[in-house]
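Beneath this line is the structure, given in structure tokens, with notes to follow.
Keep in mind the model is a prediction, meaning the values are calculated, not measured. All ligand and atom numbering here is 1-based and tracks the order in the structure.
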Amino acid sequence: MNRMIHNTQQETNMSLDITSHPVRSGSDELVPSRYAVRVGDIDVLVVSDGVLPLPTAMLAHNADPAVRAAWLDDMFLPPDAFDWPLNVVVVRSGGQTILIDAGLGFDPDLHLPRAGQLIKRLEAAGIDLASVTDVVLTHMHMDHIGGLLVDGVKDRLRPDLRIHVAAAEVKFWESPDFSHTSMPPGFPDALRSAAKRFMKVYRSHLRPFEEEYEVAPGVVVHRTGGHTPGHSVVRLASGGDGLTFAGDAVFAVGFDQPDWHNGFEHDPEEAARVRVRLLRELAETGEMLVATHLPFPSVGRVAVDGDAFRWVPAFWDY
Ligand SMILES: [Zn+2]
């Protein structure tokens with residue numbers, strides 16, 4: 001009897017040890033917030049920063065509202081607000097831990113409480129901010145840099161952290177031209193001030209590149225322009241496998257309607273050319289695609305479908 005009690009206690013202690021990590025890691029979340037993929041020797045983890053509800057006009061400010069409404073209806077989506085998924089990627093290659101983009105963070109003026117989950121969810125995934133050696137920014141919109149501006153985050157990052165961003169992007173934000181964008185009220189100011197704060201806080205960490213830069217073995221960032229002048233994608237290649245993190249070159253609507261102009265695009269026509277070129281190339285190579293605003297976990301492939309494209313989600317590998 002005594003022995004049994006003893007064993008039970010031991011088991012209890014043991015199971016406490018074992019479960020302490022999952023409890024800390026947010027087992028209260030019924031929907032998973034991370035998804036892992038391997039690309040040859042490269043480890044990739046997609047982490048959701050949450051969702052960002054925006055007016056549906058943002059999806060296509062050059063489309064007939066009735067056509068836009070029909071697309072939403074076909075997708076079983078509500079007509080007024082579209083929840084943009086927000087994905088961030090952590091890549092491990094050659095001993096480096098690379099964070100690609102950083103989510104929205106927190107802006108008390110914008111009332112977007114469902115986004116900005118990244119820091120909590122990185123912890124849940126067992127990723128210590130101090131282990132991040134490099135950050136790659138696809139561009140400097142606040143839903144890609146805001147996570148690094150959350151109170152206390154900078155202090156937890158390494159003093160020798162390198163932040164890779166296209167030189168053209170840094171230049172753009174010195175005096176951003178929003179004349180071809182179509183954003184909801186409040187957004188232009190919020191974007192400007194987030195980028196300004198980011199430059200102030202992280203300037204000494206920036207490692208600007210011109211057209212492309214190999215951040216780690218098989219991890220190359222390429223400038224595409226279009227969405228913003230320095231918008232970039234990250235290409236992963238190892239052991240014959242490939243994956244492209246497309247940032248904001250592709251949105252959920254971009255497969256059916258690659259020519260629709262997204263409200264945040266600085267140069268919407270160039271953005272559409274970048275999108276079509278990238279989707280064509282991915283359809284040809286069969287390489288995996290992950291993008292910031294595709295539905296989580298946003299891992300899939302692209303097929304050509306007549307004049308447009310089709311998103312083919314990967315089968316989850318449990
Ligand atoms: Zn974005």
Side-chain angles (χ1 to χ4, degrees), residues 46-61 81-90 99-107 110 112 114-118 121 135-150 163-166 168-170 172-173 176 178 180-184 186-195 197-198 221 223-234 244-255 258 260-268 270-272 274-275 278-279 289-298 311:
V46 182
V47 181
S48 166
D49 186 53
V51 297
L52 181 60
L54 289 171
T56 48
M58 297 287 299
L59 295 174
H61 60 94
F82 179 76
D83 283 344
W84 293 43
L86 261 175
N87 303 303
V88 169
V89 168
V90 180
L99 181 66
I100 308 178
D101 287 347
L104 183 76
F106 175 68
D107 185 328
L110 289 175
L112 298 165
R114 293 162 70 205
Q117 312 283 335
L118 177 70
R121 288 174 170 177
V135 171
V136 176
L137 299 176
T138 60
H139 60 299
M140 286 172 54
H141 278 150
M142 69 184 164
D143 54 323
H144 300 253
I145 59 173
L148 296 178
L149 295 173
V150 171
I163 301 179
H164 309 278
V165 59
E169 188 69 9
V170 175
F172 172 69
W173 288 98
F178 294 144
H180 298 285
T181 64
S182 175
M183 296 187 254
F187 272 77
D189 286 343
L191 292 182
R192 257 189 226 106
S193 77
R197 264 179 69 211
F198 185 83
V221 57
R223 187 175 80 85
T224 64
H227 185 71
T228 56
H231 180 275
S232 301
V233 301
V234 183
T244 292
F245 181 72
D248 283 15
V250 182
F251 302 100
V253 72
F255 301 96
W260 279 7
H261 293 174
N262 182 276
F264 286 103
E265 285 164 350
H266 150 81
D267 181 347
E270 178 61 9
V274 166
R275 178 158 47 249
L278 182 66
L279 291 175
L289 166 66
V290 173
T292 308
H293 303 297
L294 294 181
F296 181 81
S298 167
W311 168 240

Tell me, with the steps shown, if H180 and D267 meet side chain to side chain donor-acceptor pair (under 3.5 Å).
CA-CA 6 Å; H180 298 285; D267 181 347; over 6 Å; no
N, O or S atoms of the protein lying under 2.8 Å from the Zn ion (ligand 1):
D143 OD2, H144 NE2, D248 OD2, H293 NE2
With S298, the side-chain contact (heavy atoms from CB on, under 4.5 Å) member among L289, T292, V89, V290
V290
Aromatic ring pairing H144/H139, orientation class (parallel under 30°, perpendicular over 60°, tilted between):
tilted
Between T228 and H266: side-chain donor-acceptor atoms closer than 3.5 Å:
no
If we ignore hydrogens and angles and just use 3.5 Å, is the side chain of R197 paired with the main-chain N or O of G146 as donor and acceptor?
no
Partners meeting side chain to side chain contact (heavy atoms under 4.5 Å, CB included) with E265 (sequence neighbours left out)
H227, F251, H261, N262, P268, A271, R275
